[in-house]
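These notes concern the structure reproduced below.
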Amino acid sequence: MSNKFPENFLWGGATAANQLEGGYNLGGKGLSTADLIPFIPKEERNGDNAVQLTSEQFENALNDSSNAVYPKRWGVDFYNHYEEDIALFAEMGFKTYRMSISWARIFPNGDDLQPNEEGLAFYDRVFDELEKYNIEPVVTLSHYEMPVSIVSRFNGWIDRQVIDMFTTYAETVFKRYRDKVKYWLTFNEINAIALAPYNGGGLITDRFENIDQAIYQALHHQFVASAVAVKLCREINPDAQIGCMLARLETYPETCNPADVLKTLKQEQMNFFYTDVQVRGYYPNFIKKYFAENNIVIDMKADDEAVLLANKVDFISFSYYMSFVESAGPKGDRAPGNLFSGLKNPYLESSEWGWQIDAVGLRITLNKLYDRYQIPLFIVENGLGAIDKINEDGSIDDDYRINYLREHLVEIREAINDGVDVMGYTSWGPIDIISVSTSEVSKRYGFIYVDVDNYGNGSFERSKKKSFDWYKKVIKSNGDSL
Ligand code: BG6
């Protein structure tokens, strides 16, 4: 096999509406769950992730009755800058752009009888702009947000009626953008609901007596909604491809002690569970055992299992930022990650946010996923969040970002050489956006810098970092020049 990226490899970048768009109350958009997540400075934060809301915080945010700031309301104002931003993506040579549609922009309350035409027209303009440059959109239907009204009235995904609301939304956008979008993803990091239930499923934990039960019931509704979306997508556009999306948590045993290896296997199964359901079409036995041991009972309708089995995804997309370590013994120091955490790995270095950098882990993960499922894989998130320093002349030398990305691309190329079918690579946050876990913009991922701070102050002007020209060269050479 040649050590090259395939000719039609989908190079690009990935964002999510709630972290990028802003315009949270423009064009008839309803409030989304992400609009209510406040920025909390690190010193005041309880733990690393700040994506969980209590009922009190939720109500305060709804009534604007605190002094909190909500950065996802302004994002980086893509809503008003999309032409300029897409032109910059095109200048880098993007073949693809992963983005999400904000459900609340299309159905402000979730169950409106008619979609919001202004919201639909906004994405028409975005897709037309992408088409101008031959950039293929990859669109996530649900990326960490839903109309707030569904949480207020239905308690989020715990209510089975949300499946119908979601599938109406999916059908609406599949039909509207039939000729503009070929690649779809259903739920971003569908496994996130287990650790960040508000973020992933609109569940406010203190509203439930048994939150684990609620999480897996809500997840079941998402699985069914995802399968119905797969079905609709195929009916509406047989040329389209639709995938699932997993936060891949590559996990190593701390030692070769079989007890550590077994513990790690169990941990990995809990990560593969989600793709098992969406790719194989059924709940695996290990999760049934886990449910039985934890008194979790999933309420399923008669044909749910048949729906899951009949509507499996075409490809697997996943995010990869770091790897983890597990041990059967006493717990040592834990290293944080995107909503998840694991033991520290002494062989790895960490980002400024403590995420353990492991490029080889990406090759391992690609091999493991392909061995297990034998369908195409798409890395739709990977990147380094860092504090960028601006030189006096306004330039930004982000060699750390270039190094991180280069090391990971080298390993993807190796995995392709191993025989893994990889469709593409979209680096996370090609333009600076709001962090999901900490709601700050100062954790920057972009090739493009945006002049805005964590409180929304700044000109919102865009400028290129050093990595911009580097990535442009990578794409132009189809990954030969890394
Ligand atoms: C993934 C999410 O978990 O990680 C993205 O899908 C997110 O939405 C990304 O932004 C990076 O995490 P963070 O917390 O640095 O923004």
Side-chain angles (χ1 to χ4, degrees), residues 13-21 32-35 37-40 42 45 47-52 71-72 75-76 78 97-103 138-146 185-201 222 243-250 271 274 316-324 335-342 350-357 362 365 378-388 400-401 404-405 408 426-446 450 454:
T15 60
N18 77 89
Q19 295 166 256
L20 167 91
E21 275 177 14
S32 105
T33 43
D35 297 328
I37 298 179
F39 164 64
I40 304 170
K42 194 161 189 217
R45 222 176 283 151
D48 286 296
N49 298 321
V51 288
Q52 233 3 78
K72 289 169 186 157
V76 292
F78 177 82
Y97 171 50
R98 175 184 174 222
M99 51 178 271
S100 70
I101 293 180
S102 166
W103 182 358
V138 173
V139 181
T140 318
L141 290 170
S142 173
H143 192 131
Y144 286 168
E145 60 173 331
M146 64 195 301
L185 308 178
T186 56
F187 289 87
N188 180 65
E189 298 190 334
I190 192 161
N191 49 323
I193 193 172
L195 284 165
Y198 176 74
N199 215 34
Q222 292 189 336
C244 57
M245 201 301 197
L246 176 77
R248 176 66 192 128
L249 310 177
E250 185 55 50
N271 188 228
Y274 303 84
I316 298 171
S317 76
F318 67 96
S319 62
Y320 178 87
Y321 292 92
M322 78 291 287
S323 63
F324 299 99
N338 50 346
L339 314 177
F340 309 92
S341 71
S350 298
S351 77
E352 286 165 273
W353 272 261
W355 296 16
Q356 303 187 106
I357 303 172
L362 178 52
T365 250
F378 197 163
I379 301 134
V380 294
E381 284 190 33
N382 171 245
L384 181 72
I387 303 222
D388 290 325
Y400 36 89
R401 183 167 294 111
Y404 177 100
L405 295 171
H408 285 76
T426 54
S427 72
W428 181 248
I431 181 167
D432 294 341
I433 51 180
I434 312 297
S435 155
V436 86
S437 54
T438 59
S439 289
E440 58 198 329
V441 75
S442 44
K443 182 183 191 187
R444 295 174 184 272
Y445 285 85
V450 183
N454 293 331

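Both counts, for ligands and for their atoms, begin at 1 and track the order of listing. Predicted, not measured: the structure shown is a model, and the values here were computed from it. All residue numbers in this chain count up from 1 along the given sequence.
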Option nearest atom 16 (O) of ligand 1 (shortest heavy-atom distance, choices L20, N382, V436)
V436
Side chain, backbone, both or neither: the part of N188 lying under 4.0 Å from ligand 1 by heavy atom:
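Under 4.0 Å from ligand 1, N188 contributes side-chain atoms alone.
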With heavy atoms under 4.0 Å as the rule, classify the contact between S437 and ligand 1 as side chain, backbone, both or neither.
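Contact part for S437 vs ligand 1: both backbone and side chain.
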Indicate yes or no: does an N/O atom of [X] lie under 3.5 Å from an N/O atom of ligand 1?
X    : result
I434 : no
K443 : yes
E189 : yes

Can you name the closest pair of heavy atoms from S100 and A17 and give their distance?
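The answer is OG-N, 2.7 Å.
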Closest approach of N18 to H143 (non-hydrogen atoms, all atoms of both residues)
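Closest heavy-atom pair between N18 and H143: ND2-O, 3.0 Å.
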Counterpart residues, ring pair (Phe, Tyr, Trp, His ring centres under 6.0 Å), relative to Y97 (two or more places apart)
F89
Between W355 and Y321, how do the two ring planes meet: parallel, tilted or perpendicular, split at 30° and 60°?
perpendicular
With heavy-atom distances below 4.0 Å as the criterion, list the atoms of ligand 1 near S435.
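Reading through ligand 1 atom by atom, the close ones are 13 (P), 14 (O), 15 (O), 16 (O).
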Find all atoms of ligand 1 within a distance of less than 4.0 Å from any non-hydrogen atom belonging to Y445, and give their numbers and elements.
11 (C), 12 (O), 13 (P), 15 (O)
Are L362 and R248 close enough that some pair of their side-chain heavy atoms sits under 4.5 Å apart?
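A side-chain contact is absent here, since even the closest heavy-atom pair is not under 4.5 Å.
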Just jot down the salt bridge (charged side-chain N to carboxylate O under 4.0 Å, His left out) partners of R401, sequence neighbours excluded, or say none.
D388, D398
Under a heavy-atom criterion of less than 4.0 Å, does W355 contact ligand 1?
yes
Using the side chain to side chain donor-acceptor pair (under 3.5 Å) definition, which of the options T15, T426, T140 pairs with R98?
T140
